[in-house]
2 protein chains.
Amino acid sequence: MRVPDQEVEKRLERFRGAAREAGLKLTHQRMEIFHEVASTEDHPDADAVFRGVRERIPTVSLDTVYRTLWLLEDLGLVATLGPRRERTRFDANFTSHHHFLCGRCGLVRDFEHEEYDMLDVPPEVKRLGPVSRVSVEVRGVCRECAGRLRRKKGSKR
Amino acid sequence: MRVPDQEVEKRLERFRGAAREAGLKLTHQRMEIFHEVASTEDHPDADAVFRGVRERIPTVSLDTVYRTLWLLEDLGLVATLGPRRERTRFDANFTSHHHFLCGRCGLVRDFEHEEYDMLDVPPEVKRLGPVSRVSVEVRGVCRECAGRLRRKKGSKR
DNA sequence: TTAGGTGCAAATTCTTTGCACCCTG
DNA sequence: CAGGGTGCAAAGAATTTGCACCTAA
């Protein structure tokens, strides 16, 4: 699944701006790593990004890829699927419920909400395969982390 | 976040039934491991389950915990948060979109759907912290895996 | 009794870190 | 030219596997 060139360019531009603003260096590696994630809808993992970038920069190292991906996530330019930097977590609650996820600390909070339980699945999605569950993922920052962030930002200024 | 005793008992009973039906042994370890996941809403990771179970069975091993958790997942008695058995995956698509996840192979497919873009966040969730994104997660089995499963089940009979 | 389950320890796989050199700003 | 960024190699986590013994059915 490729992303249209125009959209990719827009994303790259956003990255250049964000990097400038944050005082980060725009290295060859960083550009290629972001490009790799920005130009596909495949949700690559770190290793897939690494393999892709290596075709153009044969000397990149996997650790640079990791460092850059997390950096991009801090900048808000890429997101992770599921809870951030977390190992697999388990859940035995099969009554319909939804999740609030804190993108900072990985907190997951269940909640119930009737409106969300009644969502229809669009036909083109049903075509992808039998659906077993639909749930809503609300992402944000929990109160505790929000407090921490506010303090940090404040102290910088 | 504790789960009411009555609900826990219901879940344990479901496990006993599923195990019997699948011809699995109901060992002390399995009961305690499932109990540990079934009695909390904390979405523990494998290590948290291990630590909990160890208080009652000091000799359990972490690998038994892993094996049992995946077994429970196969039985459909526990679910994992995010894509199954997967490492972290990255996404640079910030236009509003939603995911279809295959619980077998980890396939993630983006899709857009206006109805889902307009969901309101209930006030008690807003109270948890500032919300940055709301998205819908549709879980199921992709066509390819569904085909594989059907073949396997068929051949057993 | 006996096949499936467990514990142990070692192997893998994934991710992070320390450090010396390099390159962007 | 200075300080952040990179590559390398090695450390650290997280998860899986092989094998001999154990135990639920």
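Remember, it's a predicted structure, so these values are computed and weren't measured experimentally. Numbered from 1 within each chain, the chains take letters A, B, ... in sequence-line order.
Judged as a side chain to side chain contact (heavy atoms under 4.5 Å, CB included), and not counting sequence neighbours, Glu21(A) has no contacts. For Arg30(A), the side chain to side chain contact (heavy atoms under 4.5 Å, CB included) partners two or more places apart in sequence, or in a different chain, are Phe15(A), Leu24(A), Lys25(A), Thr27(A), Thr68(A), Leu71(A). Every residue meeting the side chain to side chain donor-acceptor pair (under 3.5 Å) condition with His99(A), not counting sequence neighbours, appears here in chain and number order: His97(A), Asp110(A). In terms of the side chain to side chain donor-acceptor pair (under 3.5 Å) criterion, residue partners of Arg16(A) (sequence neighbours excluded) are, by chain and number, Glu9(A), Glu13(A). Glu124(B) pairs by the side chain to side chain donor-acceptor pair (under 3.5 Å) definition with nothing, not counting sequence neighbours. By the salt bridge (charged side-chain N to carboxylate O under 4.0 Å, His left out) test, Arg11(B) pairs with Glu7(B), sequence neighbours left out. Listed by chain and residue number, Asp117(B) satisfy the side chain to side chain donor-acceptor pair (under 3.5 Å) test with Ser96(B) (two or more places apart in sequence, or in another chain). Every residue two or more places apart in sequence or in another chain was checked for a salt bridge (charged side-chain N to carboxylate O under 4.0 Å, His left out) with Arg54(B), and none qualifies.
Using a 4.0 Å cut-off between charged side-chain N and carboxylate O, Glu41(A) and Arg109(B) make no salt bridge. In this structure, Glu36(B) pairs ionically with Arg56(B), as a charged nitrogen and a carboxylate oxygen lie closer than 4.0 Å.
Heavy-atom nearest nucleotides on DNA chain D were determined for Asp45(B) and for Arg30(A), and the one closer to the 5' end corresponds to Arg30(A).
A perpendicular orientation is assigned to the rings of His113(B) and Tyr116(B), their planes being inclined by more than 60° (bins at 30° and 60°).
Here chain A contacts DNA chain D (any atom closer than 4.0 Å to a heavy atom, that is under 4.0 Å), and the contacts span dG3(D) to dT15(D) from 5' to 3'.
Contact annotation: Thr88(B) reaches the phosphate of dT15(C) (side-chain N/O to OP1 or OP2, under 4.0 Å).
Here dT6(C) presents its P atom at 12 Å from CD of Glu32(B), a figure rounded to the nearest Å. As rounded to whole Å, 14 Å separates atom C1' of dT16(C) from atom CZ of Arg87(A).
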Atom pairs, N/O to N/O, protein against nucleotides 22-25 of chain C, distance under 3.5 Å?
{"from": "dT24(C)", "atom 1": "O2", "to": "Lys25(A)", "atom 2": "NZ", "distance (Å)": "3.2"}
{"from": "dG25(C)", "atom 1": "OP1", "to": "Leu26(A)", "atom 2": "N", "distance (Å)": "3.0"}

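Less than 4.0 Å separates DNA chain C from at least one heavy atom of each of the following residues of residues 49-67 of chain B: Thr59(B), Val60(B), Ser61(B), Asp63(B), Thr64(B), Arg67(B).
Side chains of Arg89(A) and Val108(A) form a contact here, defined as non-hydrogen atoms less than 4.5 Å apart.
Taking five base pairs at each end of the helix from dT1(C)-dA25(D) to dG25(C)-dC1(D) and finding the rotation axis that steps the C1' atoms of four pairs onto the next four gives two axes whose angle is 50°, to the nearest 10°.
Other residues, nucleotides and ligands contribute only 12 or fewer heavy atoms inside 6.0 Å of the CD atom of Gln6(B).
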